[in-house]
Amino acid sequence: MKIRTIVPALVAALLLPQAVPAGAHSWGDWYIRWTDRNVNCPGVNCLDTDRDVHWGFVTPSGTNGFPTGDSRRSRIRDAAARWNAVGTGMTFHSDLPDWSALGYPAPCPQSSSDLPDEYQRNKVGWGSFGDSTYIPGLEPAGEVRSCWWDFLDGKGPMMILFRMKINKDVNWYIGTGTPPIGTTDLWGLAAHEFGHASGRTRGGDGAGHFKDSYSVCPGDPEDGQSPSGRHTMCQTLGPGGGIGARSLEEHDRDTFVNAYS
Amino acid sequence: MKLRSGAGGPARRARRIWRPLALAAVIAGTGMSFVHPVFGDSDDLEAHADPLETLDCAPLEPIQAVHSDYTPPAGIDVRGAPSTPEDALEAWMAQRYPAVTPDDFAVVSEASDHVRFALSDSLGRTVAVALVGPHADGWGVHDLITCDVLFRALLLDSAGEADIGEAGR
């Protein structure tokens, strides 16, 4: 085909209304976005209008306290940084002092007067989901709770709070190399959880995941090798202890960009 | 006078116009790289109706979502995982909200890759929706979405403040 045919065709294709195939997804299919509302409430910067999401760890001595003294906290921060690196209007900031407790589960703030200051809302903790014996498949390796408000202004519901709890009974790999057999990669799991904390909470399997049957989730999770291209937001972290989840792939990024750019 | 049959002819002009438009239609129709690709089967959206439309939350009531992620490591036996969706729901609720049992939930949709349960209060309002799906060698609760006020009122009816979690935030 001649170039003088292809060029106008591409130009015309860009100008024509795009036919969206069934299954194509806009941000609203995947995300409850962090609020950009400025609501009058007692706290300073009560709701964050620039979508900077501040979070902190729970102090080691507190309920669901997050340990210090090794690289676990670094891996959690590394995971948040993956989402920040995409470069959207929503960023995580690990700039808070430790909190006394995770508050988990706890009621959502019921009104603006009940809403903690933006610097007191978002926390990451470390604790058990049952007794100290971890049974893969029975207990989650990690969980994210989020609260939304619907402002009834036609813009849909908005995220106002997240709490992340990492299962301390999992045999974690907390380094940056290759997880040994029998371990789960903390960095990979945390990258997945921060995907939920970014507001990715619906679509796909109904919980914000690409189904493991999708083409973007190749590989058998019980294999030892992590295939390239497996997305962070698949239903399971995938082979190799979930090492592949550390890096965001094309559609992890695209759905995030669609939500916040 | 000989008519030119080259670039200036009407048939050629028509081809010049319509051929790019036809190609453009094909490009637009297939989506190319301008839209997200189709990730899975065509019933994905129907199978997972938006829980916000399923829940009967009060106006301005906050909604709470819990995402649980299961990550069986390579080489580890996961035969302890619940073998049915009902077992998975029971185990999950027992850890977090022991006052609620799977018998309180009703199945609202079911497919090979998920079962969605709904919990109603005494007035018949749907106050919680649980999404249970398979993973590795079992089933697990992936998602519980609740009308925060109505769900906690139901829990208080069944249990008491002490049983519904850390009060502090």
How far apart are the closest heavy atoms of [X] and [Y], and which atoms are they?
| X | Y | value |
| --- | --- | --- |
| A/Asp205 | B/Leu131 | O-CD2, 2.9 Å |
| B/Asp143 | A/Thr201 | OD2-O, 4.1 Å |
| B/Gln95 | A/Gly130 | NE2-CA, 4.2 Å |

Sequence-distant partners of A/Thr178, side-chain hydrogen bond (donor to acceptor under 3.5 Å, both in side chains), two or more places apart
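A/Thr178 satisfies side-chain hydrogen bond (donor to acceptor under 3.5 Å, both in side chains) with no residue once adjacent residues are dropped.
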
Working to the nearest 0.5 Å, report the span between CZ of B/Arg152 and SG of A/Cys108.
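With rounding to 0.5 Å, CZ (B/Arg152) is 7.0 Å from SG (A/Cys108).
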
Working to the nearest 0.5 Å, report the span between OH of B/Tyr70 and CD of A/Glu143.
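Between B/Tyr70 OH and A/Glu143 CD, I get 7.0 Å after rounding to 0.5 Å.
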
Determine whether [X] and [Y] make a side-chain contact, defined as any pair of heavy atoms from C-beta on separated by less than 4.5 Å.
| X | Y | result |
| --- | --- | --- |
| A/Gln110 | B/Asp148 | yes |
| A/Trp148 | B/Ile145 | yes |
| A/Leu138 | B/Pro82 | yes |
| A/Phe129 | B/Arg96 | yes |

Residues forming a ring-ring contact (aromatic ring centres under 6.0 Å, His included) with B/His67, sequence neighbours excluded
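ring-ring contact (aromatic ring centres under 6.0 Å, His included) check on B/His67 returns A/His196.
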
Chain B heavy atoms under 4.5 Å from A/Glu193: which part of the residue, side chain, backbone, both or neither?
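It is the side chain, since no backbone atom gets that close.
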
Donor-acceptor check, side chain of A/Gln235 to backbone of B/Asp69, threshold 3.5 angstrom: yes or no?
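Checked: no pair found.
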
